[in-house]
Protein chains: 2
Amino acid sequence: MEDQKQKLELVKKPTVNDIARVAGVSLATVDRVLNRRPGVRAVTVQKVQKAIDELGYVRDTAAANLARNRVYNFLFVLPDTDNEFVEAINSQIAEQSRDQFIERTRIAIKKVAPFEPQDIVNILDAVVSLDVDGVAVFGPETPSVRDAVKRLRDKGVPVVALVSDLPSSERDHFVGIDNVSAGRTAAQLMGRFVHRDGKVLVLTGSRLARDHLERRQGFDLVVAEEFPHLEVVASVEGRDDPDLIYKMMPEIFETYPDLVGIYSSAAGNAGLIQFLSENKLSKDLVIIAHELTPLSREALTLGTFDALISQDTGHIVRSAVRLLRATSDKVPFNKAQERIRIDIYLKENLPP
Amino acid sequence: MEDQKQKLELVKKPTVNDIARVAGVSLATVDRVLNRRPGVRAVTVQKVQKAIDELGYVRDTAAANLARNRVYNFLFVLPDTDNEFVEAINSQIAEQSRDQFIERTRIAIKKVAPFEPQDIVNILDAVVSLDVDGVAVFGPETPSVRDAVKRLRDKGVPVVALVSDLPSSERDHFVGIDNVSAGRTAAQLMGRFVHRDGKVLVLTGSRLARDHLERRQGFDLVVAEEFPHLEVVASVEGRDDPDLIYKMMPEIFETYPDLVGIYSSAAGNAGLIQFLSENKLSKDLVIIAHELTPLSREALTLGTFDALISQDTGHIVRSAVRLLRATSDKVPFNKAQERIRIDIYLKENLPP
DNA sequence: ATACTTTTGAGGTTCGTACCTCAAATTGCC
DNA sequence: GGCAATTTGAGGTACGAACCTCAAAAGTAT
């Protein structure tokens, strides 16, 4: 009944030649329309456009990139800290550079002094003279950075914001988690994990960092709404500095002897971990921290930390690259694939 | 000092021509070696191989696929149920088919009667006569299925196991979560969320499904190790059937009046949800279920469920396709990217 | 050394697209 | 209607690799 050697589907994609045939024009004209080259009358453009729509033509990017010998040059602008999370992003970029290389994309990294908006601005302004097809920025949302991003985009360079959003600028995309939700998630876990009445401390990084503020905000909301047995005390700014955090802890425990939980919403966990283990405090306290790193992973495994809220740095980097490429090619992308999840890690679901 | 129009990097990939030049042979010979065509002396093969290694040549798959006009034909074998999770995978495949189409890959779906290994075997054996470049199987691990997978692989067809592993067969990859860890994760959440002493029920699907067994196993281990205040009672088999589950619930609550939690480790949540809301039981019970679906999402939002353990169906499908392609091309893949995470969802970190 | 076999090289075509040139056709304008 | 400007077509080359053919070169056997 059936063919003996059957194909599952034999449909094939329309090509530029099909468009030319259907539109009743020459290949050269189709090419002019597709690549927005001048010298085509509006009527003709419409004829071609109609044929494209009818056929459902989609440009074969692989062939196109081959033909034009295209190479995507992307630049990642990262804060120059020894922060474990930034380091993870850094090494993800390095790692994935190899794979990206064979896919015609080259990635460069520029480190800028943290909390130095002017440094970022200078780099962004220098980009146009370089041969850069897209920029990913991990930096603070200051007016000057915002304007620099705008300037870049006005010159046609795609820009994505990494980890910390720059909503007021006109960045093409944001690659990272919703930090209010992250804070809410931390609060829900805290509320559920803590069985006693008491105070909860939020250890934050900087009042200037948008992501830290948002986490705190989300955390407070949920504790207030759902967990009356907890009281969130004023944030402590650790400036992402392990030493500073370590030094601040004794005073905090003097001030709040009835502390039942700590939400470490920023970096610098090393100081916290050191203090807790030296004072054997982890058993009595619920600690929820951010970002899965070698250090936090160990703390979770040993029971020093009770849960981690995290975002997958590998995913972030891949997503940023895909989005820059799609934006550069003016091509749609898969929204669900680019959504960065708010990961919750317990010691039981750590990746191997 | 510097060029005024500088490129960030100017390195370019070696091509087949570079190999020919370095090896001191002709392009035709390089081609013969690369594509394992006969008629090349061993010495010459080695010369070419040496040049390839020296240059770090990597085949440009895009160009190669273009030249040979390659199309990947993949087949997904799924159980034919109205189960929400399988439905989600199904629609992910359909959705992504569009994107995959433009990337030269065609995906077909075959539904097989659930719990009918023979049906799967028949399909797998029929595959060889079709023009199929890879198969993804979501099915039970029975000896006959295992052998059929082996047969397929012996004929050079890549096979990946989906969601439920077929470790004893020689599937090329497993795309899914570690279900023992998933069970452990559920237990940890249960132990932390339940503050009273009492019994915990595990609602499972079938004793035959490997994934369900593993979840139960992981769950029991962690409860036993860490949460002496809880007692896990004998599993109840819901056969993924909402109606059956709904009907069984009253008897369960009679038998265990001191139930404090339910771990719904399989499908059929609709029956559980209906029973719980009709009897307003959700407040007193901690419910942890599996898989983020419209139904479970709503239950989580309303507070009927307290947490979900999930795996991203979109990721699973994309990963399966990437792995089939990589296996088919005998090309390496990014292990970290293909790892399916054990997602934990609270109502706070649900995707929008 | 001759005949024969195996290996190698040179060259071409194809895939789908980009981009270029030059000539021919069409259009607009006075 | 005539002229210039604009638009269109025809054709070629290139990208990197696959695959094909045919002839030349090298190796092997007698």
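Values reported hereafter were calculated over all heavy atoms of this structure, with side chains retained and with hydrogens, waters and symmetry mates removed. Here is how names work: the chains are called A, B, and so on, in the same order as the sequence lines, proteins then strands, and each is numbered from 1.
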Measure the angle between the two terminal helix axes of the helix from dA1(C)-dT30(D) to dC30(C)-dG1(D), five base pairs each, and quote it to 10°. 20°
The side chain of Arg41(A) is closest to which nucleotide in this list: dT8(D), dG27(D), dG16(D)? dT8(D)
Salt bridge check: are Lys13(A) and Asp18(A) linked by an N-O gap of less than 4.0 Å? no
What is the separation between atom [atom1] on [X] and atom [atom2] on [N], rounded to the nearest whole Å?
X	N	atom1	atom2	answer
Leu27(B)	dC15(D)	CG	P	13 Å
Arg32(A)	dT7(D)	CZ	P	10 Å
Lys47(A)	dT7(D)	NZ	P	14 Å
Asn17(A)	dG11(D)	CG	C1'	13 Å
Asp31(B)	dG16(D)	CG	C1'	11 Å
Lys13(B)	dC15(D)	NZ	P	13 Å
Arg37(A)	dT7(D)	CZ	C1'	15 Å

Which is true for [X] with a 4.0 Å heavy-atom rule: it touches a base, it touches only sugar-phosphate, or it touches nothing?
X	answer
Ala28(A)	base
Arg59(B)	sugar-phosphate
Asn69(B)	sugar-phosphate

Measuring from Asp312(A):CG to Arg339(B):CZ, what's the distance to the nearest 0.5 Å? 9.5 Å
Separation between NZ of Lys335(A) and CG of Leu323(A), rounded to the nearest 0.5 Å: 11.5 Å
On DNA chain C, nearest-nucleotide positions of Leu34(A) versus Leu66(B): which is more 5'? Leu66(B)
Taking for Gly24(B) and for Ala67(B) the nucleotide of DNA chain C with the nearest heavy atom, the one nearer the 5' end belongs to Gly24(B)
Any side-chain donor-acceptor pair under 3.5 Å between Arg104(B) and Asn69(B)? yes
Verify whether one side chain among Asn35(A) and Arg68(A) offers a donor that lies under 3.5 Å from an acceptor in the other. no
Is the Lys NZ or Arg CZ of Arg106(B) less than 6.0 Å from the centre of Phe101(B)'s six-membered ring, within 45° of the axis? yes
With a cut-off of under 6.0 Å to the ring centre and 45° to the axis, is Arg70(B) in cation-pi contact with Tyr72(B)? yes
Validation row: Glu338(B), Arg322(B) side chains within 4.5 angstrom (heavy atoms): yes
Establish, with yes or no, whether the OP1 or OP2 oxygen of dC15(D) is under 4.0 angstrom from a side-chain nitrogen or oxygen of Arg104(A). no
Write down the atom of Pro167(A), the atom of Glu141(A), and the distance for their closest heavy-atom approach. CD-OE2, 3.4 Å
First and last nucleotide of DNA chain C touching chain B, 5' to 3', heavy-atom cut-off 4.0 Å? dT7(C) to dG16(C)
